Every structure is written in C-alpha cells, then in structure tokens.
Novice: 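Next up is a structure, given as structure tokens.
A quick note: this is a predicted structure, and the numbers were derived from the prediction, not measured. In what follows, every chain begins at residue 1, and chains take the letters A, B, ... in the order their sequences are listed.
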2 protein chains.
Amino acid sequence: MLSRVRSAVAHLVSSGGAPPPGPKSPDQPEATSLLPAAPAEAPRSPPAKAGSGSAAPPKTAEARASFSRPTFLQLSPGGLRRADDHAGRAVQSPPDTGRRLPWSTGYAEVINAGKSRHNEDQACCEVVYVEGRRSVSGAPREPSPSQQGLCFYYWGLFDGHAGGGAAEMASRLLHRHIREQLKDLVEILQDPSPPPLCLSSTPGTPGSSDPSHLVGPQSCWPSQKEVTHESLVVGAIENAFQLMDEQLAQERHGHHVEGGCCALVVVYLLGKVYVANAGDSRAIIVRNGEIIPMSREFTPETERQRLQLLGFLKPELLGGEFTHLEFPRRVQSKELGQRMLYRDQNMTGWAYKKIELEDLRFPLVCGEGKKARVMATIGVTRGLGDHNLKVCSSSLPIKPFLSCFPEVRVYDLTQYEHCPDDVLVLGTDGLWDVTSDCEVAATVDRVLSTYEPNDPSRYTALAQALVLGARGTPRDRGWRLPNNKLGSGDDISVFIIPLGGPGSYS
Amino acid sequence: MLSRVRSAVAHLVSSGGAPPPGPKSPDQPEATSLLPAAPAEAPRSPPAKAGSGSAAPPKTAEARASFSRPTFLQLSPGGLRRADDHAGRAVQSPPDTGRRLPWSTGYAEVINAGKSRHNEDQACCEVVYVEGRRSVSGAPREPSPSQQGLCFYYWGLFDGHAGGGAAEMASRLLHRHIREQLKDLVEILQDPSPPPLCLSSTPGTPGSSDPSHLVGPQSCWPSQKEVTHESLVVGAIENAFQLMDEQLAQERHGHHVEGGCCALVVVYLLGKVYVANAGDSRAIIVRNGEIIPMSREFTPETERQRLQLLGFLKPELLGGEFTHLEFPRRVQSKELGQRMLYRDQNMTGWAYKKIELEDLRFPLVCGEGKKARVMATIGVTRGLGDHNLKVCSSSLPIKPFLSCFPEVRVYDLTQYEHCPDDVLVLGTDGLWDVTSDCEVAATVDRVLSTYEPNDPSRYTALAQALVLGARGTPRDRGWRLPNNKLGSGDDISVFIIPLGGPGSYS
C-alpha cells in the first residue's frame with residue numbers, strides 16, 4: 001500500500017505539485033481526483049527575505065515545494081508572492097467566488113514575521129471516497145448492495161519546522177493513508193454487528209469468528225474482548241499517521257523532503273468527528289458558548305515522563321551526552337557533591353539528590369513553556385518527519401524520542417442538535433500562543449453574530465478575525481495586539497468547521 | 001536511612017509485632033512511640049479455614065505476622081479470632097471507649113469470605129513528628145526557632161495479595177520512610193521563600209543558590225525552574241514508596257515477607273491533604289454531596305500502554321513466552337496467516353494484522369475488568385513488594401512490569417470551609433467492587449444525618465455501614481446485597497476522614 005501512495009508522491013514532488021498526468025490507475029481510481037490541483041501557472045521565485053540576501057533560491061523540488069500554498073486558496077502568481085511577504089503579512093483566505101470548501105468551512109492563514117523563509121504551515125480540506133478493498137487477485141468481486149463505498153470529510157493542519165517539505169508532503173498524502181487504512185473497513189463499518197475478530201487472508205473478505213474454539217488458559221479470558229466500530233476508525237487513523245511517517249523517512253533523500261511537522265487532522269465519518277493531534281496545534285469546539293477541548297499539546301513539558309523513561313530504559317539513545325534526570329537548571333561542576341533538586345522519570349514531585357559526575361551532562365528535557373526543548377533542540381514531541389534531526393554539533397539522532405502517533409478524540413455529532421454558531425476551531429500554535437480558548441470563544445460569538453446564520457462567508461470571516469487578532473498590526477517595530485503586547489510572529493493557520501447550519505453534510 | 005528503618009523492622013518481625021524493648025535510640029527518638037503496640041497477649045492459632053484442613057499453621061514469623069490486625073482495633077485474643085472468622089465475617093472497628101483515632105477518623109473492616117487464609121488488608125493511622133535532619137557528625141546543632149519539627153497526620157490502607165507479609169510490613173513502616181524523606185525539608189517547608197536549589201553536602205544545611213552563575217547554553221534555559229513546597233512533599237512521598245519497595249526486596253528472605261500489596265496513603269501536612277495511590281484501592285472526597293475523585297486505579301487495563309511499551313522496548317522481559325501485542329482473545333495456531341484485530345503499544349484504537357508465528361505467544365496483557373491480568377498472573381500493576389512473583393510454571397519475573405510509584409493528588413484543605421459532613425473516604429477494592437462512588441455519597445448522607453454533627457462516633461458508624469453494605473448478608477449460599485446480587489467476598493477496609501467538624505486538626 002505504501003508503494004502505491006509512494007508512486008503518486010513521486011509524480012507530485014517532481015512536477016512541483018501537479019497531479020500525475022494521464023488516465024486514472026485502475027488500482028486507485030479516486031487518487032488523482034483527490035490531489036489538490038496545481039496553481040494555474042508555475043509559482044515564481046519568491047522575493048528575497050529581508051536580511052537573507054537577494055539571490056533567488058535554487059529551483060530544486062524542495063524549494064518549489066516549500067513555496068506552495070494550499071490549492072483551495074486559488075492563488076495567482078501575484079497572490080502567491082503577496083502571501084509569501086513577511087513584511088506585509090497579508091491574511092489569505094479562499095476567494096469568495098467559486099467553489100466553497102465542504103461544509104462552508106472557513107479558513108485563513110498568514111505567513112510568519114521572518115522566522116523562516118516561507119510559510120511552513122500547510123492545510124488540506126477534502127472529501128474522500130473510500131472504495132472497499134478488492135481481492136488480492138485484482139479481479140473485482142461482484143459488488144453487493146452492502147459493499148458501497150464510504151465518504152469521509154477531512155481537514156488537516158500541518159505546522160512544519162526545519163523546512164516546509166514534511167508539512168507539504170503530509171498535507172498532500174496523509175488523507176490517502178487514512179483512505180487506505182479504511183478500505184478494509186468499508187463493509188464492517190456499515191454493518192451494525194460487531195467487527196469480526198478475523199478477516200480472511202484475502203483482503204476484503206471478513207473471516208469467520210468462531211468463539212467456540214477458545215483455548216486455555218481461560219481464567220483471565222472468559223470471552224473475547226468487544227471492539228467497537230469507533231475504535232476501528234481510531235486505529236485506522238493511528239496507523240495512517242505511522243505509515244505517513246514511514247513514507248517521509250523513505251522519501252527524504254530522493255525528494256529532498258526535509259524537516260518535520262505537527263499534524264492536526266479531523267475526520268468526519270458516519271456521524272462522528274475524529275480529531276487526531278500529534279504536536280502543539282490545538283482543536284476546540286465552541287458550542288453554545290461552551291468550550292470543549294478536542295486535543296492536547298505534546299511538548300517536552302507535557303511528555304517529560306515519557307521522554308525520561310525512554311532515556312532511562314535505552315541509555316544508549318542519550319549517547320553519553322545527556323542525562324535523563326531533570327534539574328531546575330544546568331548543573332555546574334562546582335556543585336559536585338552538593339545535593340540539588342531533581343526529578344526522575346517516575347516522579348511528579350521534586351527531591352534532592354547528591355550531584356555526581358554524570359549529572360553534569362545536559363538534561364534530556366530542559367526549559368519551560370515555549371522554550372522547553374528535547375535534547376536542547378526541538379520544542380514539540382509528536383509529529384511527522386524529523387528523520388534527519390540531530391543534536392546540534394553532534395550526530396545523535398533525536399527521532400527516537402519523537403512519536404508520530406496522534407491522540408484521537410471522538411465527538412458524536414448526532415448526540416446534540418447543533419446551531420449555526422457551533423464550530424470546531426483548528427489552529428496552529430501561532431494562534432494559540434497569543435489567544436486563549438476563552439478569547440477564541442468570545443471572537444466566535446462576536447463575529448458570527450454580525451452575519452446572518454445562513455451566510456456561508458461567516459466562517460471564513462471568523463477565521464480571518466482570529467488570524468488577524470493573533471497577528472496584530474505593525475507598530476513600535478513589531479506586530480502588536482491592541483493591548484500593545486507582541487502578536488504572534490509565527491505562521492498562523494485556522495480552520496473553522498461549522499457543526500450545524502448551512503453547510504449541510506448529510 | 002534504610003538501614004535504620006531496617007533495624008527497627010527486624011525487632012518488629014522477630015518479636016511478632018512488639019516494638020524493640022529498652023530505651024529509645026538517640027537517633028530516632030520518636031520511632032518506637034509510633035509503632036503500633038502489640039496485642040496484650042500473643043495471638044493464638046487461627047481457626048482452620050473451611051476446606052483447608054484443621055492443622056494449625058506453623059508458628060513462623062510469617063504466619064504470626066499475617067494474622068495480626070491493626071493495633072488501633074485493640075483486639076483481645078478472642079476478638080482477634082472473631083476477626084479471623086471467614087464464616088461470621090464480623091465487622092471490626094476501634095472500640096467506642098478509649099482513645100479515638102486522630103481527627104475522630106472512622107474505620108471498619110471485614111475479612112474475606114475464604115479467598116485467603118487471613119485478612120490480607122492492613123491499615124495504619126498515626127500522627128508523625130518529623131524532627132529536622134541532624135548534621136552528619138551526629139552532634140545536634142543549636143536549634144533555632146525556625147528549626148522546630150513538623151507534624152503530619154497519616155492514614156494508610158494496604159491491600160495484600162499472595163500473603164499478608166508485604167501489607168503488614170508496609171503498614172508498619174511506610175510512614176517512617178515518609179518521615180525520613182521529610183527530615184531534609186523541615187526548615188524549607190516552614191520558610192515561605194522558594195526551596196533552595198541546593199542543599200550543602202552536609203544534610204540539614206541548605207546550600208547557597210546562586211543563579212548568577214548559570215552556564216550555557218542559555219537559549220532554552222533563561223532562568224531556573226521554580227519548584228513549589230507542595231512538589232517537594234509529593235517528591236518525598238514518591239521516594240518513600242520506592243524505598244519501602246526496596247526494603248521489602250531486601251527483607252523478603254530474612255523475614256519471610258512474601259507477596260505484595262496495594263498502598264493508598266493520605267498525608268496531611270501544613271494545610272494540604274496528599275493522597276498517594278499505588279494499586280486498585282480508591283479515595284474520594286464527598287463534599288456537600290459532591291464527589292471529588294482523589295485517586296485512580298492502576299490495573300492491566302488502565303496501564304496497558306505502559307506495560308506494552310516496556311515489553312516492546314525490553315523484549316527480553318517477555319522471555320519468548322509473551323507478546324506485547326494485544327488481541328481480543330488468545331490467537332490459535334489455525335489462525336496463522338489470517339488477519340486478526342490487534343492493538344499495539346501506541347494505539348488506543350484497533351486494527352487488523354496478519355497473524356504470524358510469534359503472535360501465538362500469550363499476550364502480556366489479557367482479560368477485562370476484574371479478570372484483566374499481566375502475564376496471566378496479577379490484576380494490579382502498581383504497589384509494593386511482589387519481588388518474588390513469577391509467571392505460573394515459569395521462572396519469568398513479573399516485578400519489572402509493576403511500578404511502586406504512586407500517583408499523588410493534592411487537596412488544599414484551606415480553600416474551602418468544610419462542614420462536619422464533608423469526608424474523605426478511603427476503601428480497598430473490596431468496597432468499590434460492589435459500591436459506586438454515588439452509592440458511597442448517598443450512604444455518607446444517610447448515615448451522618450442520623451447523628452449529631454458533634455458526635456465523634458458518626459464516622460466509624462459510617463465506615464461500618466459502608467463495609468456492611470459491601471459485604472451483604474449470608475443468604476442463598478453466599479453473601480448477598482439487598483438486591484440479591486453477590487456482595488464482595490474480598491477483604492473490605494474503609495477509613496472515613498472528616499475534613500471539618502469535631503475532629504479538630506489545627
């Protein structure tokens with residue numbers, strides 16, 4: 001399966017974003033139709049970034065790829081240049097004319113204030129059709145009425161770091177991996193009975209589940225554990241993240257796909273919203289003014305114990321350069337023999353320990369808040385890519401400490417009658433660094449109340465208001481918020497997904 | 001420090017529970033006074049358990065120890081025999097006459113219906129004085145007004161398995177380990193300024209904290225992380241659990257201390273209640289009818305991912321006998337090549353995988369609910385002891401998968417004005433297996449409302465009501481609840497700690 005997605009990406013990257021030409025492959029009839037269309041004209045070289053010299057970047061696949069923006073923005077070459085301008089930081093949204101995003105989804109983004117050459121966020125919004133898996137022989141079986149395919153709605157935000165390649169590739173391919181994982185489940189998910197324990201070795205044919213042949217010891221296993229349809233979708237999304245990560249590992253040399261990215265993904269399937277997060281983006285539902293968190297952030301602080309445990313169990317991963325213990329600050333050699341505050345992988349509290357020679361190593365986890373780092377390098381602990389990431393001036397790989405697995409939360413859309421003002425808000429950390437959940441909820445209320453409930457442009461207006469509110473305006477040599485604090489200098493991207501109202505999704 | 005506690009336990013166990021005789025050691029003036037007093041007469045042999053033959057058990061230290069009950073019950077030899085009678089299952093509480101437990105704490109317990117020879121639960125309730133650490137030389141320093149000691153209130157429930165030895169030893173010693181850990185902190189906790197980064201190498205003398213000498217790299221470490229007083233107490237409790245576990249490892253041969261135990265411990269210190277739980281006991285606060293969970297249970301189901309990750313990272317711990325993957329039931333050899341539902345350590349959802357030869361191994365984690373097991377053996381994943389526990393008919397040790405570290409939750413008693421009906425309820429799983437949090441809250445309301453608010457016996461009456469409600473009455477060849485369902489056949493122990501009212505704790 002990976003190889004099939006891989007052949008598609010080869011076309012993607014080598015053609016600078018254009019889908020592979022020619023007739024659809026019989027094996028993936030819907031594949032090309034789901035690719036974001038390439039811009040009408042090839043993007044030109046971006047204007048040189050202030051302070052980075054005026055030489056045009058080499059026209060490698062990587063350079064081209066990292067300059068692309070989501071196709072649904074329908075940017076002209078001129079628009080693409082404006083979107084890439086760190087000085088103006090113009091907010092980008094899909095045009096008011098033309099085809100709307102599914103569900104009348106709102107979207108807005110803005111480039112950073114100069115922290116990286118291009119906007120390293122990427123976004124994707126698609127309706128994806130999943131056809132049931134064919135048999136291994138390739139001969140299509142007789143379709144039965146129950147073997148109709150499934151559609152899922154998909155939104156993804158990808159916040160890249162150390163280059164835009166991983167974010168771009170993930171934004172173009174992760175939903176295909178999810179589709180591949182769901183192919184086995186097309187029949188199962190449409191059948192109200194519990195999922196079968198086994199599929200036959202021939203993909204697409206559910207095998208027999210015969211609980212009468214249980215073997216001992218039975219004492220702790222009186223019956224077979226029940227698995228829900230919902231947990232199958234969760235498992236499909238989890239495995240899709242892992243396969244996407246493996247693909248990034250395999251593609252990184254051939255296609256110059258560098259760096260890594262956080263991924264925040266929403267899948268709507270059969271009445272349920274699945275929110276999968278790996279990184280420090282965030283999703284909240286604002287429903288009747290109430291805030292429902294739909295994700296949590298994965299950082300060196302929130303994952304300290306996981307990281308320390310790994311360093312403790314696999315000390316070779318620390319390369320003799322790091323200690324898995326945490327100290328309130330770097331230990332100095334003059335403190336040898338003194339007793340200093342520390343925290344081990346099993347502890348949430350602090351205690352004192354006598355400082356020994358190996359405590360002088362740099363701590364695996366250090367710093368606080370936005371400055372927290374793993375191995376003094378990276379501030380986010382889950383995501384895709386980063387296969388080449390090494391400790392600065394060292395060959396020690398950091399990837400073993402990073403997890404590509406998302407946390408998936410499920411929200412049953414049928415359990416509540418939603419009104420047009422109920423929305424799911426997705427934002428990269430550029431939004432959340434300067435905007436609290438409550439401020440977002442207040443903006444939801446303020447902006448949506450100024451539009452008619454059936455005006456589909458209200459959700460993009462809301463996304464724009466959130467991005468503008470986090471970016472601020474240029475004043476006193478910086479981008480500043482109304483309270484004169486600094487706005488976010490990061491890339492900022494926001495999806496607003498209406499949960500009820502005009503964007504009907506039946 | 002361990003050696004000092006160890007010498008005390010040698011006396012304890014060898015004398016069948018009596019404290020070491022003679023004058024107090026100058027090094028631990030409060031040690032002996034905190035030991036539970038031995039029963040006035042040596043306990044006699046217990047009556048033979050139904051079906052286990054009538055031979056009196058050998059009078060080894062182990063046998064004697066596992067027959068003891070908490071000293072605060074003040075059981076006479078006859079009372080001890082009744083408490084050990086599986087047929088009568090008489091509920092035991094401290095006598096209404098004599099000294100009350102601190103805070104007018106209520107307590108009740110009952111023996112199991114025959115699942116083990118003796119009651120393997122143990123309990124402890126103490127007021128513990130912590131003197132500041134003396135200097136290494138042993139010469140007492142001049143006490144300053146700020147160097148006064150600290151008192152903490154302590155409650156512990158210990159639910160033993162595979163023998164009562166670990167539970168009994170932990171019930172007698174864990175609070176001493178906590179006291180030892182707090183000795184360094186006596187001054188620090190009474191000083192409102194933040195804890196010092198370093199103590200000097202001479203215990204008891206806080207060292208200088210000089211943040212001006214920070215060394216680079218500073219980028220992720222602009223200042224020293226702030227550590228709270230509260231987190232020091234949490235760290236002290238965590239390390240005390242670990243040292244208690246190490247001591248059980250060291251004592252298990254010499255003193256025949258077998259088995260393991262869950263530990264649920266409450267420490268009240270300087271206005272805050274610390275609830276530390278390692279195992280499947282549970283603590284809830286019932287405050288004005290509202291339920292505040294103060295612990296969570298650690299079982300093969302709740303800790304599945306921690307266990308699987310360990311098996312994945314350290315496959316040698318699985319001994320070629322187990323697989324770290326989870327399946328809905330044991331895989332059968334005829335299913336080789338089929339695709340079966342499974343869950344890996346990174347997954348919360350399920351997916352299908354092709355069954356290979358090594359999937360035929362027994363799963364590390366199997367079963368559901370009370371029947372869930374690690375390595376088909378043990379149903380609880382945190383606690384003290386179990387150093388000798390092996391997989392049935394195998395030499396594979398299970399201890400590497402068990403954690404002795406508690407989760408500690410903190411409740412600030414000063415943040416709320418408590419009334420006499422607000423209580424902290426601690427119970428072993430014998431209570432919670434058949435009683436929901438809501439049922440406990442309803443019993444709190446029902447029982448306490450029938451007593452005057454200043455009647456100190458109301459809390460023991462409540463504990464008795466909860467134990468009786470979980471045990472049921474003998475009917476239809478079993479212990480049955482009013483709804484005719486089976487009551488708990490397990491040992492049941494309950495503490496009721498009043499959070500306001502007559503048991504003043506200023």
Novice: Under 4.5 Å between any side-chain heavy atoms of A/F241 and B/N346, yes or no?
Specialist: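 In short, these two side chains do not touch, never coming nearer than 4.5 Å.
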Novice: Please determine, among A/L185, A/V233, A/L232, the option with the most heavy-atom pairs under 4.5 Å with chain B.
Specialist: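 Highest number of heavy-atom pairs under 4.5 Å: A/L232.
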Novice: If you count the non-hydrogen atoms of other residues, nucleotides and ligands that lie under 6.0 Å from CD in B/E226, is the total more than 12?
Specialist: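 Count not over threshold, so no.
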Novice: Chain A: which of B/P195, B/G235, B/A236 shares the most heavy-atom pairs with it under 4.5 Å?
Specialist: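 Highest number of heavy-atom pairs under 4.5 Å: B/G235.
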Novice: I'd like to verify something: which residue of B/V234, B/L341, B/V408 has the highest number of heavy-atom pairs under 4.5 Å with chain A?
Specialist: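 Maximum pair count with chain A is reached by B/L341.
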Novice: Listed by chain and number, what are the side chain to side chain contact (heavy atoms under 4.5 Å, CB included) partners of A/Q305, not counting sequence neighbours?
Specialist: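 Side chain to side chain contact (heavy atoms under 4.5 Å, CB included) list for A/Q305, sorted by chain: A/T348.
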Novice: Working note: B/F327 + A/L197, criterion side chain to side chain contact (heavy atoms under 4.5 Å, CB included); need CA distance, chi angles, decisive distance, verdict.
Specialist: CA-CA 9 Å; B/F327 299 93; A/L197 177 67; over 6 Å; no
Novice: Which pairs with one or both residues in residues 234-244 of chain B pass salt bridge (Lys or Arg N to Asp or Glu O under 4.0 Å), sequence neighbours excluded?
Specialist: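 Matches after skipping sequence neighbours: none remain.
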Novice: Between B/Q242 and chain A, with a heavy-atom cut-off of 4.5 Å, which part of the residue counts as in contact: side chain, backbone, both or neither?
Specialist: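 Neither part.
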Novice: With the side chain counted from C-beta on, respond yes when B/Y352 and A/I188 share a heavy-atom pair under 4.5 Å apart, and no when they do not.
Specialist: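 Answer yes - side chains close enough.
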Novice: For B/N239, is it the side chain, the backbone, both, or neither that has a heavy atom closer than 4.5 Å to a heavy atom of chain A?
Specialist: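 Contact with chain A: side chain only.
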Novice: Heavy-atom cut-off 4.5 Å, strictly under: side chain, backbone, both or neither for B/P406 against chain A?
Specialist: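 When you check distances to chain A, no heavy atom of B/P406 falls under 4.5 Å.
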Novice: Using atom types as modelled and distance alone, determine if a side-chain donor or acceptor of A/K314 lies under 3.5 Å from a backbone N or O of B/L313.
Specialist: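 Yes; at least one donor-acceptor contact below 3.5 Å.
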Novice: Would you compute the distance between atom NZ of B/K225 and atom CZ of A/R343 and round it to the nearest 0.5 angstrom?
Specialist: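 One finds 5.5 Å between NZ of B/K225 and CZ of A/R343.
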